[in-house]
Structures are given as structure tokens and as C-alpha cells.
2 protein chains.
Amino acid sequence: MSSDRTRSAILAAAEKLYADRGFGDVTLRDIVAEANVNLAAVNYHFGSKDELIAELFVTRSLATNRERLNELKFAEEKGGGRAPIDAILHALVGPTLRGCLGPDREGSTAARFMIRASIESVPPIRRIKNREVDHLRKFIAAMRRSLPGRDDAELYWGLHFALAMSHHTIREKERLTRLSEGQCDLNDVGAIVDRVVSVSVMALTGDETPAKKTPGKLVAREAR
Amino acid sequence: MSSDRTRSAILAAAEKLYADRGFGDVTLRDIVAEANVNLAAVNYHFGSKDELIAELFVTRSLATNRERLNELKFAEEKGGGRAPIDAILHALVGPTLRGCLGPDREGSTAARFMIRASIESVPPIRRIKNREVDHLRKFIAAMRRSLPGRDDAELYWGLHFALAMSHHTIREKERLTRLSEGQCDLNDVGAIVDRVVSVSVMALTGDETPAKKTPGKLVAREAR
DNA sequence: GATAGTTTCATACAACTGTTTGAATTGCAA
DNA sequence: TTGCAATTCAAACAGTTGTATGAAACTATC
């Protein structure tokens, strides 16, 4: 228990390299070179390469989940047990978007690592993501309290779409920048969060029964 | 030019195996075993493993793009040069969703392969996807005609969100099924397309200037 | 300062990867 | 049939990968 130095040097080096070059072509030898430690150190301290990746991902995603739940709890307490739906969605997508996008996050290896983890799909991370369901259920519960009477399926779809927009923005931010030739500002994270939340709220409250076969033209207006 | 037999046997076997087990752990030896051909045949007929994957992906995605443009062209001709926005978005997300989800597509290796290609992110496929920008610009142009005066950035965000919901639904269909405990029907593809289109239309037409700092509650109603 | 436990290190291992080679076989035209 | 090109094949190649080993170096306790 004395030498955390090696341990954390490996973690830092691995996070940096994975963030920079992806999981695909970063070997243990690259990592130990960057960390200036011996090759065997990874297996000694982490057991295996996969466990190293898992620890990296778990640490970061636990932090995000904690932040999410804090925001949710705060919003629900403020609303006396019922948070407004936009606050709930804000708590859901805000931490992730803020963590991965945003100013001066360019240099943050943690953020870039999480972007990689979102783009590539490597077994140890996939295993962890599959346990995320329980976490999301807490948001479904809050949404149910916020929009009582709403069909559960609608809530699931709303949450699903909120995550879709948030994750896709993270995954494809370069492509969106290129496609829009810079007209979409990917630096103003606050505006992005608001935009995702706003659309998600519309998805949830727009029309009771989503257009069945031929969706009519939909017009939304701001109701104060 | 005589033996396409080997060539297409390889293509079929590769598509099946990649669809079933992902790109990560399917080797050339797996493929040639499934195809009952010699190991060297892949390099002989395709040059390299990456070129095999690329050909597989290009074939399928060209088909999807063609279908998209057909739908778009049809809608614009019907509208005399200006298609309604929901028709444009329908042309954008319909072919992809229909191609990857939907009934009796369970057995379609082509569909499952495209899902894999959407989930995992392997270099040859990434290279091809990066050339997709020109294709998407045609939809931006159609959207500009459909919603004149609208800020270009808004159009880009709308298209981006439409793709986000469509791709995320494909990628995470199992997870959504599990999360919603089957309450979200992933088999009714038509309904899913309509749902994605409907939300995308709301995103594009909902409020002129997307809520800046504190998004107000938004209510949409059906017009017409 | 001897001892026991932890940590580092160089090295080897065993397996697997995509690719190449050169000879055998096939198919087809003259 | 003969000749030539296209195709198939078994085998080997060259490189990389994550992991295991056992000895050395360190660290703290008594």
C-alpha cells in the first residue's frame, strides 16, 4: 500500500493515451512507456488490462452519476418532491455534456477519455454501461412524479431521446462543426444543454399521443 | 473474373460474422472458415481486411443513401420544389431506421451488420462515414427551401438531433427495451420513424430562438 | 541490522494477428 | 492438347499482443 505513485502514474498515462488515440491502438507497452514504469506493473496493480480500463471508466462515470443525482435531488427538494420536467432533464444531460464538452475542457484528459469511451465500444466498458439501468430508473421515477398520468412509455422515450441528443452531440461534435462550417457553436455548453433540454421537454409534452401514421404539421408555441 | 463465387462467399460470411460478434473479435481465419475458402483468398480478392470491411459498409450505406435521396426527391417534386419539413426528415431517418430495425429484419445480416457498424467504430468505416457530409448537405439544402428564413444553425441542429435520435435508437434498442421493460415497442418501426420525425419537427419549428439561459416550459399543440 | 512483505524489473512465453510466398490447380482460348 | 492466365492452397512470416515468472531492489518492523 506504499506505492500509489506507480499506480496513479499508470492511471494518468492510460487515461491520456486512450483519450488521445482511442482504445484500439494503445498497448500496455505504450502506457508503461508514458508512465515510466515497468511492463509488469499493470498486471501487478490492476490484474489485467481490462480491469485497468474498467477502473478508469468506473471512476469517471461514478462522478458523473453522483453529480446527476445531486442536481436531481436539489431540484426535487426545491419543488417539494416534484421537480419541473426541464430541471430533471437538465440534471440528466447537464453533467455529461459539461464533462465532455465545454471551454478549457480541451486539455482535460478525463473529458476526452469519456468521449472516447462513448465513441468506441470496448468490452469492459460495455459491461459497466449495462449496469447503468438502475441509475436511469431514478430519473424515470422523478419524471413520473413530475408528469403524473403520462404514459410510462412516453417517459422512457423522452429520456431515451434526451440521452440520444446528448451523447450524439458528444460523439459527433467534430462532424457537426464541420457540417455546419462552424455555425453551430460547440463551445457554449450551457446553450447546448438548454437546447437538448428544450427539445426533450417538447418531446415529452408536445402531443399526448404521438402522431400515428401521417404526422400532421406540428407547431409549438411558448407558453410562458 | 470467373470466380465470383469465392468473393461473394467471403462477403456473406464476413457480414454474418461481423453482424453476430462485432468487428472486435472476428479474425480473417474465422471468416474464411465460415466461407469455406482459403485464408489467402481475402487478400487476393480484396487486398486487405480493411478493404473487405470497407466494401461491405460502402455497399450497404450507398443503398441507404440512394433510398434517402429517392424519398427526398419524390417529396420535393410532389411539393413543387419545396417539401414539407416532416417529409424531408422522414426521408432522412426512414431508410436507416427501416433498414436496421423492424420486423423480420432480425434475420437480416445486412441490418445487423449496419447496427454493428453504428455501434463499434473501426477505422475503415470511420473513414467512409467522414465522407457522408456532402450527402447530408443535400438535406440541409432541402430544409432551407422548406423553412426559408430559418437560421442555418437551427437547421443544422435539427438535422443533428434527428440523426441523434435515429442512430441512438438503433444503437441502444436492447437497452431501451430492457429499461422500459418492453413498454417501448421497438418492433413498430413506422411508429418509431413518426416519433423521431415528430420530435425533430418540433425541434426545428418549436420556438424561434431556443431558450437561452432558463428555458421556459414549452407546450406544443397540433395545428391542423 | 536482520527479516518479512511489498514492489520493481528484465525477460520470456504463448498465442494470435494480417499478410506474403511460391507452388499447385483450375479454367479457358487458340 | 497446349499454353497462359486466373485462382486456390498450405505453409510460413514477421510482428504484436497481454500475461507470467523469478530474481532483484526496496521498505518498514522488530
Side-chain angles (χ1 to χ4, degrees), chain A residues 1-58 113 116-117 120-128, chain B residues 1-58 113 116-117 120-128:
Chain A
M1 188 142 301
S2 65
S3 165
D4 295 306
R5 181 166 262 104
T6 304
R7 216 187 125 84
S8 48
I10 292 174
L11 285 172
E15 188 167 63
K16 170 176 164 40
L17 290 181
Y18 285 143
D20 285 347
R21 322 200 319 236
F23 298 98
D25 49 33
V26 170
T27 72
L28 285 189
R29 285 166 175 83
D30 295 332
I31 294 172
V32 299
E34 172 81 18
N36 278 313
V37 301
N38 187 270
L39 174 60
V42 172
N43 288 278
Y44 178 78
H45 285 281
F46 298 92
S48 73
K49 184 195 189 185
D50 278 10
E51 290 175 80
L52 165 62
I53 294 177
E55 174 157 341
L56 231 27
F57 183 72
V58 161
F113 172 82
R116 283 289 179 187
E120 301 186 28
S121 186
V122 50
I125 290 184
R126 215 171 319 160
R127 277 191 286 271
I128 294 162
Chain B
M1 186 143 303
S2 65
S3 162
D4 296 305
R5 181 167 264 103
T6 305
R7 215 187 126 84
S8 48
I10 292 173
L11 284 172
E15 187 167 66
K16 170 176 162 44
L17 290 180
Y18 285 143
D20 284 346
R21 322 200 319 236
F23 299 97
D25 49 34
V26 171
T27 73
L28 285 187
R29 285 169 175 81
D30 295 331
I31 294 172
V32 299
E34 172 81 19
N36 278 312
V37 302
N38 186 270
L39 174 58
V42 173
N43 289 277
Y44 178 79
H45 284 280
F46 298 91
S48 72
K49 184 194 188 187
D50 278 11
E51 291 175 80
L52 166 62
I53 295 178
E55 172 156 343
L56 231 27
F57 183 71
V58 160
F113 173 82
R116 283 289 180 188
E120 300 186 28
S121 185
V122 51
I125 289 184
R126 216 172 316 161
R127 277 192 286 272
I128 295 163

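Note that the coordinates shown come from a computational prediction; the quantities given were computed from them, not determined experimentally. So you know, we letter chains A, B, ... as the sequences are listed, proteins then strands, and number each from 1.
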What is the distance, rounded to the nearest whole Å, between atom [atom1] of [X] and atom [atom2] of [N]?
X     : N      : atom1 : atom2 : result
A:D4  : C:dT6  : CG    : P     : 15 Å
A:Y44 : D:dT19 : OH    : P     : 17 Å
B:I31 : C:dT19 : CD1   : C1'   : 14 Å
A:L39 : D:dT17 : CG    : C1'   : 10 Å
A:D50 : D:dG18 : CG    : P     : 10 Å
B:R5  : D:dT7  : CZ    : P     : 14 Å

Identify which nucleotide among [options] has an atom closest to any side-chain atom of [X], counting heavy atoms from C-beta outward.
X     : options               : answer
B:N38 : D:dT19, D:dA10, C:dT8 : D:dA10
A:L28 : D:dT19, D:dA6, D:dA12 : D:dT19
A:N43 : C:dC9, C:dT8, D:dT19  : D:dT19

Is there side-chain contact between B:E55 and B:H45, with at least one heavy-atom pair below 4.5 Å?
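Side-chain contact under 4.5 Å: no.
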Taking the side chain as C-beta and beyond, is there a heavy-atom pair between B:Y44 and B:T6 under 4.5 Å?
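No, side chains not in contact.
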Backbone N or O of [Y] within a donor-acceptor pair of the [X] side chain at under 3.5 Å?
X      : Y     : value
A:S8   : A:L11 : no
A:N43  : A:A40 : no
B:E120 : B:G24 : yes

D:dA6 phosphate, OP1 or OP2, under 4.0 Å from B:H45 side-chain N/O
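B:H45 to D:dA6 OP1/OP2: no side-chain N or O under 4.0 Å.
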Can you check whether B:T6 has a side-chain N or O nearer than 4.0 Å to OP1 or OP2 of D:dT8?
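It does, given that an N or O in the side chain of B:T6 lies less than 4.0 Å from OP1 or OP2 of D:dT8.
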Approximate separation, where rounding is to 0.5 Å, of B:K49 NZ and B:F23 CZ:
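Result: 9.5 Å between the selected atoms.
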How far does CG of A:L28 sit from CG of A:L39, to the nearest 0.5 angstrom?
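The distance works out to 6.5 Å.
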Under 4.0 Å, heavy atoms only, any strand: does B:A41 hit a base, just the sugar-phosphate, or nothing?
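It contacts nothing in the nucleic acid.
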Starting from the 5' end of DNA chain C, give me the residue, B:K49 or A:R29, whose nearest nucleotide shows up first.
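Going by which nucleotide is closer to the 5' end, it is A:R29.
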On DNA chain D, compare the nucleotides closest to A:D30 and A:A40; which residue's is nearer the 5' end?
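Residue closer to the 5' terminus by nearest nucleotide: A:D30.
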Return the residues of residues 11-27 of chain B meeting this criterion: a heavy atom under 4.0 Å from some atom of DNA chain C. Order them by number, or give none.
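Nucleic-acid contacts, sorted: B:T27.
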